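Scroll down for the structure; my scribbles are underneath it.
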Amino acid sequence: MPVTRMSRLFGRTLREAPADADSANHQLLLRSGLIVQLAAGVYSFLPPAWRTLRKIEQIVREEMEAAGSQEMRMPAIQPRELWEESGRADSYGPVLFNLKDRRERTMVLAPTHEESVTDLFRKIVQSYRDLPQSVFQMQTKFRDEPRPRGGLVRVREFIMKDAYTFDVDDDAFQLTYNAMRQAYYNTFERCGVPVVAVQADSGAIGGKQSEEFIFLTEIGEDNIILCSCCGYAANQERAEFTRGQPAGTVGELEEVETPGVTTIEGLAEFLDIPAQSTAKAAFFLVDGQPTFAVIRGDLEVNELKLINALDALEARPLLPEEVEAAGWVAGYASPIGVDPARVIADPSVVEAGGLVAGANRVGMHARNVTYGRDWTAATVADIGMAQPGDACTECDDALKMQRGIELGHIFKLGTRYADPMEATFLDADGERRTPIMGCYGIGIERLMAAVVQANHDELGIVWPRSVAPFDVHVVPLGGGDDVTAALSQIESQLSEAGLQVLSDDRDERAGVKFNDADLLGAPLRVTIGSRGLTQGQIELKLRRDAEPTPVPLDSAAEAALAALASLDG
RNA sequence: CGGAGCGUGGCGCAGCUUGGUAGCGCACUUGACUGGGGGUCAAGAGGUCGCCGGUUCAAAUCCGGCCGCUCCGACCA
């Protein structure tokens, strides 16, 4: 393997990070000259970064193949009709990069490949004898994200590993899913990034159950609810929680004057009652329909749960004028008298008994508002947002919340795509059946960012050996004949041993070379200087260690291999 | 899409309020010295000050419009 010369390396290190970079990984990736931004959410990956990305890809590839998946390739350019067939042209619409070919036909740049693979399935698979099937691809995908951010964390053009599986039934699927789940743990472990699997919402991909593999870090963009007692972990989007003691009252419905009181906090204070004794109304436009959501006053509505409970596609808070048009009084709204078909209630208000709610008149609230007696809702469902401190549904311990980055997401798709696209097979009885699909994604560049975030210090990156762009960073000091001779000996011994070697052949001072070596973060540094050579010694230093170790020049290569081997354990 | 901020040499920034020859640090080139944690000295190269328009004798600076980038939110594997 040829030695890479620092003087020839395409890219430069920076002493100061560009002002745009916020997180440690983004700053280090820029400072070390690994990535260069071209546009918002669009980056170039210079040679060392590309080496790392290929190593990550290879780990992913090995684990996918070990799980029985076959690598393949699918088109990035696709006719928009394919997306209309699955029904996602609209739901995924704004994220799709659209383009027209010379015949004015509308094409899209694929953001993901469920449609493509389902199309392939129906063209290829006819019999249960052909199942199960598992394929994967690592390709560039394109998403016109509303807001790229965090360096490589959310970008618009990125490599994604996606695997897709097809099984004859739920039982068979579960085996496939479990194997993939294990492959995910293996993959992240090998890349040196700790992850936690959490229950998640399946979002625009669709389907029934899904789990995200989260790297917990303060720079993450997802909120993760965790129970340190029993291990429950879920994205806040769908986390469940116990609602605590109801604080309802018993009595006749009666109105009470509450001038100027329009918030739950104000109401609780004005009437000297706990927020748990109040009902909160929140108004949403759900798939175009004004919807009245009711939840206990101390809780917040989780819009995603709301959408899922109503089997809807989208929701947003109503604008003030829309609230008025619906006949509701912001700040004093009451579910009493509202068409139950437009009301959705959280169990917290149903179970509580009498609560203080609005009276649908400015300046008036009502006491003892009781579900079932005074009002009802067509839908009663969990629409509450779990918060840190809420009780775990499994063990009643207090839940915690941490930020995290979603590195992988695995889904049970069920028949979400096979149904609309009419992908079927014949079973042993000659009956036409629909395959149970799964899909399994990993963002490759995002994973690299997580590797850096999880493996750095104040001086630079500390690459895990498995994905380091170079195994060894050789630093010759001075250009004396003794150094030159030892350098050439070491370089050839290390590269003949199969190591990837970066050699700093620049005429720079020691400090400059050491700082760049720390920044670039190769696991092992080999320092060759006259000072040591007079005793026949060179120095080895693991990047993660503070101090170098002198070793005899003659056995330096073996010592280097041993030092690297010590990292793999 | 709503809110905030920023666009001046490769990177980090000053200059703008009060219009008048575009500056500093790092990096880069050449030379000398130096040589184990971003060294010193000397001499250099490099910028239509994001773009377009306006005001003015004169615009980086004032005014209008647009574009780009970042952050918060919305949204989003």
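Nothing here was measured: the structure is a model prediction, and the numbers come from that model. Naming: A, B, ... by sequence-line order, numbering from 1 per chain.
- Looking only at atom types and distance, the side chain of Thr52(A) has no donor-acceptor partner in the side chain of Arg54(A) under 3.5 Å away.
- Partner assigned to G19(B) is none, using Watson-Crick or G-U wobble distances below 3.5 angstrom.
- Backbone-only engagement by Pro148(A) is indicated by non-hydrogen atom pairs under 4.0 Å involving sugar-phosphate atoms exclusively.
- Applying the 4.0 Å criterion to OP1 and OP2 of A27(B), one finds that Arg15(A) has a side-chain N or O inside that range.
- Put simply, Arg509(A) has no side-chain N or O that comes within less than 4.0 Å of OP1 or OP2 on U40(B).
- Put simply, the side chain of Glu539(A) and the base of G36(B) share a donor and an acceptor less than 3.5 Å apart.
- In this structure the side chain of Tyr440(A) never reaches within 4.5 angstrom of the side chain of Phe411(A), judged on heavy atoms.
- A straight line from CG of Leu30(A) to P of G10(B) spans 16 Å, rounded to a whole angstrom.
- Residues Asn186(A) and Gln182(A) have side chains that bring a donor and an acceptor to within less than 3.5 angstrom of each other.
- Along RNA chain B, the nucleotide closest to Gln37(A) and the one closest to Arg446(A) are compared, and the more 5′ of them pairs with Gln37(A).
- Base pairing analysis places A42(B) opposite U30(B); the two distances defining the Watson-Crick or G-U wobble pair are each below 3.5 Å.
- Shown here, C62(B) forms a base pair with G54(B); the pair counts as Watson-Crick or G-U wobble because both key distances fall under 3.5 Å.
- Counting only heavy atoms from C-beta outward, the side chains of Glu145(A) and Arg154(A) approach each other to under 4.5 Å.
- Nearest to the side chain of Arg147(A), among G36(B), G12(B), C71(B), sits C71(B).
- Contact annotation: side chain of Arg154(A) to base of C76(B), donor-acceptor pair present below 3.5 Å.
- If you find the closest nucleotide of RNA chain B to Ala315(A) and to Thr527(A), the one lying nearer the 5' end belongs to Thr527(A).
- Side-chain atoms of Arg525(A) come within donor-acceptor range of the base of G37(B), with a qualifying N/O pair under 3.5 Å.
- Atom CD of Glu218(A) is separated from atom P of C71(B) by 16 Å (rounded to the nearest Å).
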